[in-house]
Structures are given as C-alpha cells and as structure tokens.
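None of these values were measured; they are calculated from a predicted model.
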Amino acid sequence: MKKFTSNKLFYRLIGLVLLFTIWQIASMLIKQGSFILPSPFETLSYTGKILGSSYLYDCILVSAKNLLFGFLFAFIVAFVFGVIAGNSNQFKEILSPFISTMKSIPTASVIYLFMLLVGIENSPIIIVFLVCFPIIYEAIVSGIENIDEVIIEASKVDGDNVFSCNKNIKIPLAVPSIILGISSCFGLGFKIEIMAEIITGSGKLGLGSAIASSQRSDPTNLVPVFAYSLIAIVLMLIIDFISTYIKDKITS
C-alpha cells in the first residue's frame with residue numbers, strides 16, 4: 001500500500017510538471033502572453049506577492065462566508081424536507097418537479113434575477129443554495145429509503161412512533177449517505193460561489209470579485225487574474241481532496 005501511494009504521488013507530480021510545461025510552452029507561442037495567457041512563472045511570481053496582502057485573505061474569508069451561509073441554508077432546508085420525503089412517498093412526488101427544476105436550471109442564467117431580488121452581495125449565497133440543496137436532499141432521502149425494512153418493522157414492534165423512529169434509527173443510519181452528499185456538493189458549491197462573484201462583479205471582497213476587478217482594472221494584463229484564479233483552484237483542490245478522502249473512508 002505504501003509503495004502504491006508513493007507511486008501515485010510520483011505520477012501526480014509528473015502530471016503537474018507536464019501541466020506547467022505545456023502552460024509555459026503555450027504562453028511562449030502566443031504573442032502578447034500576459035494579455036492572453038501569462039506564463040506560469042509570471043503567475044507564480046505575482047501569486048507570491050499577493051500572498052502577503054491582507055486583501056487576499058479578506059477575499060478568501062468573504063468567499064468562505066458566502067459558501068458556508070449558502071451551504072448551511074441548503075442543509076437545514078434539505079434536512080427538513082429530506083426527512084419528510086424519506087418517510088412519505090406522496091411528499092416526495094410533490095417535491096419531485098421542484099428538485100428536477102433546481103438540478104437542471106442553468107445557475108448562471110438566474111444570477112441576474114437574484115441580483116435584483118436579494119442584492120449583489122447576497123446572490124452568491126442563494127446560488128450556492130440552489131446547487132447544494134438538491135444534492136443534500138436526495139442524499140437524505142436515499143439514506144432513509146435504503147434502510148432495511150426489517151429494522152423499521154422491529155422498531156414499530158418496540159413501540160417507536162414516527163418521531164422516535166426517525167430520531168433513533170432512520171437519521172443515524174442515513175448519516176453515511178448524508179455525509180457523502182455533503183462531500184459531493186461542498187467543492188461544487190465553492191466553484192459556483194466563485195463563478196457567481198465573477199458574474200455579479202460587485203468589485204468588493206471575494207475571490208471571484210478579485211478576479212473580476214483585476215480584469216476590469218487592466219484588461220491588457222491577465223497576470224493578476226491568473227494569480228487569483230490559481231489561488232481559487234488550489235483551494236478547490238484542497239476541498240476536493242478532503243471530499244475524496246471522506247468518500248473513500250465511508251465507502252471502504
């Protein structure tokens with residue numbers, strides 16, 4: 001196992017080197033590289049500079065706050081509706097059109113609507129909610145529905161009512177499915193949150209806002225845009241790594 005893990009890391013390192021090599025070659029082949037495709041060296045150099053600025057960490061905190069607020073909102077609503085739907089097929093069918101709509105609607109197309117309804121600063125939170133809610137909801141419903149019916153019948157024999165059965169049996173047994181749902185949507189929620197900030201272009205704090213304002217301030221130099229984007233990508237990779245680790249632990 002250790003040998004496999006070390007080989008896995010080695011091959012990923014090779015892939016990372018190849019990625020930066022292709023990036024550098026492409027930047028060299030394109031004239032006006034900093035205008036279209038800055039080199040990795042320019043990007044990393046500028047990234048090193050902004051790592052020492054308080055503005056960057058303020059942006060990260062604002063993006064993290066938007067993500068957490070949107071995610072918590074989605075989790076609370078999904079938990080309530082998911083538990084009800086997991087116990088009632090009728091309620092599940094009533095919600096089915098709403099869930100299907102939320103899963104299929106292009107999130108970018110509704111950002112402008114929410115900018116008018118809840119304001120520029122709050123629209124990323126609502127977008128995160130729209131993305132995370134159906135995923136968490138379906139994970140909760142699936143976790144409850146997949147519980148062995150024998151266990152449910154045994155709880156009824158013991159005199160458990162609907163409330164105690166959900167509290168003591170269904171919800172605890174559905175926890176692995178719920179955690180999988182959470183880990184599946186958290187990284188996606190962060191990506192969507194950054195996208196929402198870029199589109200709204202509020203010009204205030206937030207990683208997406210930093211990317212948008214950098215592009216507006218100097219359209220002829222994309223180095224700052226790539227630098228802030230690189231930081232966002234690294235954060236997304238960290239979230240994805242944690243999510244994958246959690247999934248592997250649960251499914252193993």
Indicate if [X] and [Y] have the same hydrophobic cluster label, given that clusters are the connected sets of ILVMFWY residues with side-chain heavy-atom separations under 4.5 angstrom.
{"X": "Leu130", "Y": "Ile125", "answer": "no"}
{"X": "Val17", "Y": "Leu230", "answer": "no"}
{"X": "Val225", "Y": "Leu44", "answer": "yes"}

Does atom CZ of Phe98 have more than 12 heavy-atom neighbours, drawn from other residues, nucleotides or ligands, at distances under 6.0 Å?
no
If you measure from [atom1] on [X] to [atom2] on [Y], what distance do you get to the nearest 0.5 Å?
{"X": "Ile211", "Y": "Leu222", "atom1": "CD1", "atom2": "CG", "value": "11.5 Å"}
{"X": "Ile126", "Y": "Ser123", "atom1": "CD1", "atom2": "OG", "value": "8.5 Å"}
{"X": "Leu13", "Y": "Leu18", "atom1": "CG", "atom2": "CG", "value": "10.0 Å"}
{"X": "Ile178", "Y": "Ser183", "atom1": "CD1", "atom2": "OG", "value": "12.0 Å"}
{"X": "Ile194", "Y": "Ser209", "atom1": "CD1", "atom2": "OG", "value": "8.5 Å"}
{"X": "Ile192", "Y": "Cys185", "atom1": "CD1", "atom2": "SG", "value": "11.5 Å"}

Minimal non-hydrogen separation, [X] against [Y], with atom names:
{"X": "Tyr46", "Y": "Ala227", "answer": "CD2-CB, 3.5 Å"}
{"X": "Gly181", "Y": "Ala139", "answer": "CA-CB, 3.7 Å"}
{"X": "Val128", "Y": "Gly189", "answer": "CG2-O, 3.7 Å"}
{"X": "Asp240", "Y": "Gly187", "answer": "OD1-CA, 4.0 Å"}
{"X": "Ile198", "Y": "Gly208", "answer": "CG1-O, 3.4 Å"}
{"X": "Ala85", "Y": "Glu145", "answer": "O-OE2, 4.4 Å"}

Name all residues meeting the side chain to side chain donor-acceptor pair (under 3.5 Å) criterion together with Asn87; count only those two or more places apart in sequence or in a different chain, and write none if there are none.
Asn166, Lys170
Applying side chain to side chain donor-acceptor pair (under 3.5 Å), name anything that partners Thr21, two or more places apart in sequence or on another chain.
none
Whether Tyr137 side chain and Cys132 backbone form a donor-acceptor pair below 3.5 Å:
no
Please check: side-chain N/O of Ser96 versus main-chain N/O of Lys92, any donor-acceptor pairing under 3.5 Å?
no
Residue pairs meeting side-chain hydrogen bond (donor to acceptor under 3.5 Å, both in side chains), one or both in residues 222-236, sequence neighbours left out, come to none
What residues, two or more places apart in sequence or in another chain, satisfy side chain to side chain contact (heavy atoms under 4.5 Å, CB included) together with Phe241?
none
Side chains of residues 58-84: which donor-acceptor pairs under 3.5 Å do they make with residues two or more places apart or in other chains?
from	atom 1	to	atom 2	distance (Å)
Ser63	OG	Cys59	O	3.3
Ser63	OG	Glu197	OE1	3.2
Ser63	OG	Glu197	OE2	3.2
Ser63	OG	Leu207	N	2.8
Asn66	ND2	Val62	O	3.4
Asn66	ND2	Glu193	OE2	3.1
Asn66	ND2	Glu197	OE2	3.3

Which ILVMFWY residues are connected to Ile233, directly or by a chain of links, through side-chain heavy atoms under 4.5 Å apart?
Leu237
Close side-chain approach of Leu51 and Tyr57, heavy atoms under 4.5 Å
yes
